[in-house]
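First up is the structure itself, then whatever we jot down about it.
This structure is a prediction, so every number in the text was calculated from the model and none was measured. Only this structure's heavy atoms are used, side chains among them; waters, hydrogens and symmetry mates stay out.
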Amino acid sequence: MGDKDAAFVGEIPANHETYLGPLIFDEYARDLAGRVNVGAGGCVLETAAGTGLATRKIRDSLRPDARMIVTDLNADMLKLAEPKFGEAENIEFRTANAQELPFGDDEFDAVVCQFSVMFFTDKLAALRETARVLKPGRRFLFNIWDSLDRNGFVKAVHEELAATFPDDPPKFFDTPYGYYRIDEVKNVLEKAGFGEVEISVLPKPCTAKAARDVALGYVLGTPVRLQISEKVSGDLTEVVARVEQAVATKFGSSPAVSEMQAIVFSALLPG
């Protein structure tokens, strides 16, 4: 993964968890967890798990005797994930790069990845690694965001930041919302060795208690914060206020109501 496109460090993970978790991630985590199907004693690998927003729901959906190994490149993210789980939950956390997984061949009964494939700098390498550690006949389940045009809140944030910094606009959101073309994704899956691919396009309503929560989440809870900090000195209070106003103007202040859309892939490894 690449530098500031995936630099969820410092205070970013906590803000990501607090504001963006309930806003945009929880519903899709629940959907993804419901698609995981492993038998008795099975083992699930989650890659690029972040703060464990999907991890909690996946673990709850599994049989008690199933195991989970949860990885992320950013240790700061996993520090927020680990306390959500007890010792008896049969779950292990490890810092690892999805493009160079520290596991043997054919180890896992399912591999799951929530909203992170977009950040892999070498997507083919990451998906080949996924295929390598997955048992033949099992599935890789992941979701990605659809385009900015299908995700109202973040589009408003992106446009306001571009207006605020017209000479050099922050480009972070181009990464998570720029990898959505289904044929492109299917092509990489096929090159990585996957066969049958099931695809679901899932639009959902998106409601925030306040426009300020949207601004705090996207500005302070993503690596766009690092890009903005290179352009302004001091805290980002003024930037947050401008984004809040832009969101409130388009979607309301309290609550703020928009729409979001993701694409879910279920890819079978032949065997």
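Within a 6.0 Å radius of CD in Glu238, other residues, nucleotides and ligands contribute 12 heavy atoms or fewer. Few gaps surround NZ on Lys231; more than 12 heavy atoms of other groups in view lie less than 6.0 Å from it. By the 6.0 Å contact criterion, CG on Asn37 is open, its count of non-hydrogen atoms from other residues, nucleotides or ligands being 12 or less. Annotation for Tyr19: atom OH does not count as buried by contact number, only 12 or fewer foreign heavy atoms lying within 6.0 Å. Within 6.0 Å of NZ in Lys84 there are more than 12 heavy atoms belonging to other residues, nucleotides or ligands. Environment of CZ in Arg150: sparse, with no more than 12 heavy atoms of neighbouring residues, nucleotides or ligands closer than 6.0 Å. Counting non-hydrogen atoms of other residues, nucleotides and ligands closer than 6.0 Å to CZ of Arg212 gives a total of 12 or fewer.
Here Arg59 contributes atom CZ and Phe85 contributes atom CZ; the two are 9.0 Å apart, rounded to the nearest 0.5 Å. Separation of atoms CZ (Phe25) and NE2 (His16) is listed at 4.0 Å; rounding is to 0.5 Å. Interatomic distance, CZ of Arg94 versus OG1 of Thr71, reported as 9.0 Å (0.5 Å rounding). Taken to the nearest 0.5 Å, the CZ atom of Arg138 stands 10.5 Å off from the CG atom of Leu269. Taken from NZ in Lys123 to CG in Leu189, the straight-line distance is 12.0 Å, to the nearest 0.5 Å. From Glu92, atom CD reaches atom CD of Glu82 across 9.5 Å, with rounding to the nearest 0.5 Å.
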Under 3.5 Å donor-acceptor pairs involving side-chain atoms of residues 126-133, not counting sequence neighbours:
unit_1 : atom_1 : unit_2 : atom_2 : d
Glu129 : OE1    : Leu101 : N      : 2.7
Glu129 : OE1    : Arg132 : NH2    : 3.0
Glu129 : OE2    : Arg132 : NE     : 2.7
Thr130 : OG1    : Ala126 : O      : 3.0
Arg132 : NH1    : Phe103 : O      : 2.7
Arg132 : NH1    : Asp105 : OD1    : 2.9
Arg132 : NH2    : Leu101 : O      : 3.0
Arg132 : NH2    : Phe103 : O      : 3.0

Below 3.5 Å, can you tabulate the donor-acceptor pairs from side chains in residues 247-265 to any protein atom, sequence neighbours excluded?
unit_1 : atom_1 : unit_2 : atom_2 : d
Thr249 : OG1    : Gln245 : O      : 2.8
Thr249 : OG1    : Gln245 : NE2    : 3.1
Lys250 : NZ     : Glu159 : OE1    : 2.9
Ser254 : OG     : Lys209 : O      : 3.1
Glu259 : OE2    : Gly152 : N      : 3.1
Gln261 : NE2    : Asp146 : OD2    : 2.7

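Salt-bridge check for Asp26 with Arg30: failed, with every basic side-chain N at 4.0 Å or more from each acidic carboxylate O.
Inter-residue side-chain proximity for Glu196 and Arg139 is flagged as met; some heavy-atom pair is nearer than 4.5 Å. Using a 4.5 Å heavy-atom threshold, the side chains of Asn15 and Leu216 count as separate. At least one side-chain heavy atom of Thr222 sits less than 4.5 Å from a side-chain heavy atom of Leu20. Side-chain contact check for Val38 versus Cys43: every heavy-atom pair is 4.5 Å or farther apart. When side chains are defined from C-beta on, Cys113 counts as touching Phe140, because their heavy atoms get closer than 4.5 Å. The closest side-chain heavy-atom distance from Phe120 to Val117 is below 4.5 Å. Within the 4.5 Å cutoff, the side chain of Met68 has heavy atoms near those of the Ile58 side chain. In this structure, the side chains of Phe153 and Ile24 stay at 4.5 Å or more apart for every pair of heavy atoms.
Annotation for Leu202 and Arg35: closest pair CD1-NH2, 3.8 Å, computed over non-hydrogen atoms. Counting all heavy atoms, side chain and backbone alike, Ala125 lies closest to Asp122 at N-OD1, 3.0 Å. Closest heavy-atom contact between Val224 and Leu161: CG2-CD1, 3.8 Å. Of all heavy-atom pairs spanning Ser61 and Ala33, the tightest one is OG-O, 3.4 Å. Across Gln227 and Lys171, no two heavy atoms sit closer than the pair OE1-N, 3.2 Å. The heavy-atom pair separating Ala81 from Phe93 by the smallest distance is CB-CE2, 3.8 Å.
Side-chain N/O atoms of Ser147 and Asp149 include no donor and acceptor closer than 3.5 Å.
Asp72 places a side-chain N or O within donor-acceptor distance of the main-chain N or O of Gly50, the cut-off being under 3.5 Å. The backbone N or O of Asp76 sits nowhere less than 3.5 Å from a side-chain atom of Asn74 that would complete a donor-acceptor pair.
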Problem set entry | Candidate pair Asp31 and Glu27, rule side chain to side chain contact (heavy atoms under 4.5 Å, CB included), full reasoning | CA-CA 6 Å; Asp31 169 83; Glu27 283 294 315; over 6 Å; no

Problem set entry | Full working for side chain to side chain contact (heavy atoms under 4.5 Å, CB included) between Phe173 and Val157 | CA-CA 9 Å; Phe173 296 115; Val157 174; 4.0 Å; yes

Exercise. Going through the checks in order, is the side chain to side chain contact (heavy atoms under 4.5 Å, CB included) test met by Gln99 and Thr121?
Worked result: CA-CA 9 Å; Gln99 296 169 186; Thr121 53; 3.3 Å; yes

For this session: Apply side chain to side chain contact (heavy atoms under 4.5 Å, CB included) to the pair Phe194 and Leu134, showing each step before the final yes or no.
Result: CA-CA 11 Å; Phe194 289 95; Leu134 186 63; 3.9 Å; yes

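Leu78 and Leu80 are assigned to two separate hydrophobic clusters, defined by single-linkage of ILVMFWY side chains at heavy-atom distances under 4.5 Å. At a threshold of 4.5 Å between side-chain heavy atoms, the hydrophobic network of Ile, Leu, Val, Met, Phe, Trp and Tyr places Leu268 and Phe108 in two separate groups.
Aromatic pair Phe115/Tyr28: centroids less than 6.0 angstrom apart.
The side chain to side chain donor-acceptor pair (under 3.5 Å) analysis of residues 43-57, with sequence neighbours excluded, yields the pairs Glu17-Thr51, Glu46-Thr55, Arg56-Asp60, Arg56-Glu89.
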